[in-house]
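Positions are given from 1 along the sequence. Bear in mind the structure is a predicted one, so any value in this text is a computation, not a measurement.
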Amino acid sequence: MAYLLISVTMLHIITLAMLFIATMEKSWWVWDPTETSDLWYNCRFDNSTGTQLCETTKETEWLQAVQVLMVLSVAFSSVSFLVFLGQLFTMSKGGLFYFTGLCQIFAGLTVFSAALIYTLHQKEILPDSKNPTSGDFGYCFILAWVCVPLLLCSGIIYIHLRKKE
């Protein structure tokens, strides 16, 4: 039982870290190694100064939806982890972690929605001055998609998990 508890806790911490990185890092779309776009900024690496030059992204409804859904997923997963820790020490023997599991499942569904919106509406989200066909999805976008099955599996495990002692 201890190994299962440690495994579930580690899975939760790993997915929470991946969600946070996917939400905050600067690589949802990459045009070339020196020019990227994320949910918050469009950045270009300046070789002469060796720094990233960033400007805020153009606020569109689709981008705002993706931003809100990604922040909500981090919030759901964080609340889920805190509730899990609280339930671990206060719940009576034989109790189930329903609320924790449902929060994880909601986090997975919000990440799924955000990544799907970004996939389907990338032309409206990306800057007008750039051609979306000349770039590729970045590692943060891929991390978001990887989080979806991990969060859903984690949620299902939490729902079936019983407190033994």
Side-chain angles (χ1 to χ4, degrees), residues 7-85 99-159:
S7 300
V8 168
T9 304
M10 290 305 298
L11 176 64
H12 197 133
I13 291 171
I14 289 168
T15 54
L16 186 57
M18 287 170 51
L19 269 178
F20 191 74
I21 291 168
T23 304
M24 299 306 294
E25 240 345 271
K26 292 178 175 44
S27 183
W28 273 65
W29 190 263
V30 178
W31 281 281
D32 59 52
T34 62
E35 204 163 346
T36 62
S37 184
D38 69 352
L39 301 180
W40 316 101
Y41 298 103
N42 296 320
C43 296
R44 180 178 57 82
F45 184 76
D46 186 13
N47 285 329
S48 62
T49 61
T51 59
Q52 287 270 5
L53 303 174
C54 297
E55 63 182 11
T56 57
T57 58
K58 182 182 83 175
E59 293 292 325
T60 65
E61 290 84 16
W62 294 115
L63 179 62
Q64 288 177 346
V66 174
Q67 289 171 339
V68 166
L69 288 168
M70 288 303 293
V71 170
L72 266 176
S73 69
V74 171
F76 275 132
S77 190
S78 299
V79 166
S80 174
F81 186 66
L82 294 174
V83 168
F84 171 68
L85 290 178
F99 186 74
T100 303
L102 288 175
C103 282
Q104 280 292 88
I105 290 172
F106 285 146
L109 293 175
T110 55
V111 173
F112 175 76
S113 301
L116 191 62
I117 288 170
Y118 196 87
T119 304
L120 296 175
H121 296 282
Q122 66 189 6
K123 289 183 180 179
E124 292 95 353
I125 292 173
L126 295 173
D128 294 333
S129 61
K130 288 293 199 176
N131 183 5
T133 58
S134 65
D136 295 310
F137 291 107
Y139 75 91
C140 291
F141 175 80
I142 295 166
L143 268 180
W145 275 111
V146 169
C147 283
V148 172
L150 292 177
L151 287 166
L152 294 175
C153 289
S154 167
I156 291 169
I157 290 170
Y158 276 127
I159 287 174

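- Across Val30 and Gly138, no two heavy atoms sit closer than the pair CG2-CA, 3.9 Å.
- In this structure, the side chains of Leu102 and Tyr158 stay at 4.5 Å or more apart for every pair of heavy atoms.
- Note: Trp28 and Phe137 fail the aromatic proximity criterion, with ring centroids not under 6.0 Å apart.
- With sequence neighbours left out, Ile21 forms a side-chain contact (heavy atoms from CB on, under 4.5 Å) with Glu25, Tyr139, Leu143.
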From CA spacing to verdict: side chain to side chain contact (heavy atoms under 4.5 Å, CB included), Leu151, Ile105: CA-CA 6 Å; Leu151 287 166; Ile105 290 172; over 6 Å; no
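- Between the OG1 atom in Thr15 and the CE atom in Met10 there is a gap of 10.5 Å [rounded to 0.5 Å].
- Environment of CD in Glu61: sparse, with no more than 12 heavy atoms of neighbouring residues, nucleotides or ligands closer than 6.0 Å.
- Here the straight-line distance linking atom CD1 of Ile157 with atom SG of Cys153 works out to 6.5 Å at 0.5 Å rounding.
- Scanning both residues, Val66 and Ala114, for their nearest heavy atoms gives CG2-O, 3.6 Å.
- Phe141 has its side chain out of reach of Asp38: every pair of non-hydrogen atoms, C-beta onward, lies at least 4.5 Å apart.
- The OG1 atom of Thr56 lies 12.0 Å from the CH2 atom of Trp40; values are rounded to the nearest 0.5 Å.
- Taking CH2 of Trp31 as the reference point, atom OG of Ser37 lies at 4.5 Å (rounded to 0.5 Å).
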Determine whether Glu35 and Cys43 satisfy the following criterion, side chain to side chain contact (heavy atoms under 4.5 Å, CB included), listing intermediate values before the conclusion. CA-CA 6 Å; Glu35 204 163 346; Cys43 296; over 6 Å; no
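- Thr60 and Glu124 form no side-chain donor-acceptor contact under 3.5 Å, judged by distance and modelled atom types alone.
- The CG atom of Leu69 sits 11.5 Å away from atom CD of Gln64, with the distance rounded to the nearest 0.5 Å.
- With Leu63 as the fixed residue, the side chain to side chain contact (heavy atoms under 4.5 Å, CB included) test singles out one of Ile117, Ile125, Val68: Ile125.
- Minimum interatomic distance between His12 and Ser77 (heavy atoms only, all atoms of both residues): NE2-O, 2.9 Å.
- Proximity of Phe45 to Thr36: side-chain heavy atoms (C-beta onward) are nowhere separated by under 4.5 Å.
- No donor-acceptor contact under 3.5 angstrom links the side chains of Thr57 and Asn42, judged on distance only.
- In this structure, Trp145 places its CH2 atom where more than 12 heavy-atom neighbours from other residues, nucleotides or ligands lie under 6.0 Å away.
- A distance of 7.5 Å separates OG1 in Thr110 from CG in Leu19, rounded to the nearest 0.5 Å.
- With Ser80 contributing its side chain and Thr100 its backbone, the two residues share a donor-acceptor pair below 3.5 Å.
- At most 12 non-hydrogen atoms from other residues, nucleotides or ligands lie less than 6.0 angstrom from CZ of Phe112.
- Among all heavy-atom pairs drawn from Tyr41 and Cys54, the shortest one is CB-CB, 4.1 Å.
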Under the side chain to side chain contact (heavy atoms under 4.5 Å, CB included) rule, what do Leu72 and Met70 come out as? Steps first, then yes or no, please. CA-CA 5 Å; Leu72 266 176; Met70 288 303 293; over 6 Å; no
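- Between the Ser78 side chain and the Val74 main chain, a donor and an acceptor come within less than 3.5 Å of each other.
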Could you check Phe84 against Gln104 for side chain to side chain contact (heavy atoms under 4.5 Å, CB included), going step by step and ending with a plain yes or no? CA-CA 11 Å; Phe84 171 68; Gln104 280 292 88; over 6 Å; no
